[in-house]
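Both backbone and side-chain heavy atoms feed into the values below; hydrogens, waters and symmetry mates do not. Lettering follows sequence order; numbering is per chain, from 1. For clarity, every value in this text was computed on a predicted model and none was experimentally measured.
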Protein chains: 4
Amino acid sequence: MTTPPFEPDPAGYLYEQMASHLAQRIASGELKPNTPLRGERDLAEEYGVSLGTARHATRLLRYRGLVVTVRSKGTYVAAARRSGEPLRHQ
Amino acid sequence: MTTPPFEPDPAGYLYEQMASHLAQRIASGELKPNTPLRGERDLAEEYGVSLGTARHATRLLRYRGLVVTVRSKGTYVAAARRSGEPLRHQ
Amino acid sequence: MTTPPFEPDPAGYLYEQMASHLAQRIASGELKPNTPLRGERDLAEEYGVSLGTARHATRLLRYRGLVVTVRSKGTYVAAARRSGEPLRHQ
Amino acid sequence: MTTPPFEPDPAGYLYEQMASHLAQRIASGELKPNTPLRGERDLAEEYGVSLGTARHATRLLRYRGLVVTVRSKGTYVAAARRSGEPLRHQ
DNA sequence: GTGGTCTAGACCACT
DNA sequence: GTGGTCTAGACCACG
């Protein structure tokens, strides 16, 4: 079997690396539920990427349900939940 | 009843206007199933927006199932289908 | 808490002070027509005010026709013009 | 169809011609160290070749140490250096 | 010559 | 001082 047509290793992308790293920090408990992440500008600087890339990373975490973002307020680590439970928004 | 918390009128956004306009051109039959759209660079110029905004618009159409994009090939008007039918990829 | 005077002196507001100062820099020729102002974040830092205040100040200048702002590009010192002449955008 | 010569003359390739021409412009001082080349699309148009060919040419110059490319920023004429000296990035 | 990733900024609405 | 929209460009992988 050959590799499927492209999708050129998403793991190599900056936004994916950044999202994975943040996901790990959430999983490890370093970033706790209902606490805010640092601002996207700060995250961009911290990871040495542009604002757009940092925004791409947080969007990914949002799609994956790991964070909840509230406009003009910030992006928060999602509340822990058991599987089957609905997402609880703040 | 008051208006819900923000989401400041998506209809006003450039990418939404552009996506809606393209959707209408598809619905009207001007753009036919399985034919390619113009390239994103061309669309950006045609609509007088930046490349990023044009890309945002086509991404929206993709999410809505109106187009299918093939990397390095182009973005195609999705095949017409009856409701209930699965999406057919090229 | 004391009640404010009925019509608080607008000259006392930070945004008004800032706007006046910028207006003077334009009038003096320090800031020349068709040149961009520094970004709103930079101006806020330069004047030691919050971002909202800096924005309020530039909005005032815009209303007064001293600057023209081009979305996503920047805010420019308005071209000098005789009264009656239309605004010339860059 | 005829068989090509065993080792086709690299000097005949468009990308090699283009790379050589750019190398000469660098050597002559027309293109100065640490200044950016024109974008690959512009170069392609300027030399009347396809985008892929222009990219091939700049890649060659990169391999030869004549230019340094900074992702998403541009391709720059390499700083002049004595042999043995490390490359200095801008 | 396509879509994708990325940079480095800008202004905007809202808290 | 947040997230969101937008610009104008760059290079990259692939067909």
>> Less than 4.5 Å apart, side chain to side chain, heavy atoms only: is that true for B:Val70 and B:Tyr76?
In response: yes
> Which heavy-atom pair separates B:Gln17 from B:Gly12 by the least distance, and what is that distance?
Replying inline: NE2-O, 3.0 Å
>> Quick check on F:dT5: is either OP1 or OP2 less than 4.0 Å from any side-chain nitrogen or oxygen of B:Tyr15?
In response: yes
> What is the distance from CE of A:Met18 to P of E:dT5, rounded to the nearest Å?
Replying inline: 16 Å
Could you pull out the protein-nucleic contacts involving nucleotides 7-11 of chain E (nitrogen or oxygen on both sides, under 3.5 Å)?
from: E:dT7; atom 1: OP2; to: A:Ser50; atom 2: N; distance (Å): 2.8
from: E:dT7; atom 1: OP2; to: A:Ser50; atom 2: OG; distance (Å): 2.9
from: E:dT7; atom 1: OP2; to: A:Thr53; atom 2: OG1; distance (Å): 2.5
from: E:dC11; atom 1: OP1; to: C:Thr75; atom 2: N; distance (Å): 3.3
from: E:dC11; atom 1: OP1; to: C:Thr75; atom 2: OG1; distance (Å): 3.2
from: E:dC11; atom 1: OP2; to: C:Glu40; atom 2: N; distance (Å): 3.1

> Taking C:Ser20 for the side chain and C:Glu16 for the main chain, is one N or O donor matched with an acceptor at less than 3.5 Å?
Replying inline: yes
> With a cut-off of 6.0 Å (strictly less than), are more than 12 heavy atoms of other residues, nucleotides or ligands near CD of B:Glu45?
Replying inline: no
> In whole angstroms, how far is the C1' atom of F:dG4 from the NE2 atom of B:His56?
Replying inline: 10 Å
> For DNA chain E, what are the stems built from at least three Watson-Crick or G-U pairs in a row, each pair having both distances below 3.5 Å?
Replying inline: E:1-14 with F:1-14
> Can you tell me how far C1' of E:dG4 sits from CG of A:Leu60, to the nearest Å?
Replying inline: 14 Å
> Could you go step by step and tell me if A:Glu40 and A:Thr75 meet the side chain to side chain donor-acceptor pair (under 3.5 Å) rule?
Replying inline: CA-CA 9 Å; A:Glu40 293 180 328; A:Thr75 296; 4.9 Å; no
> If you round to the nearest 0.5 Å, how far is OH of C:Tyr47 from CG of C:Leu14?
Replying inline: 12.0 Å
> Would a 4.5 Å heavy-atom cut-off, applied to side chains only, mark A:Val49 and A:Tyr15 as touching?
Replying inline: no
> Can you tell me how far C1' of F:dG4 sits from CG of A:Leu43, to the nearest Å?
Replying inline: 16 Å
> Is A:Glu46 salt-bridged to A:Arg25, going by a charged N under 4.0 Å from an acidic O?
Replying inline: yes
> Rounding to a whole Å, what distance do you find between D:Arg59:CZ and F:dC14:P?
Replying inline: 12 Å
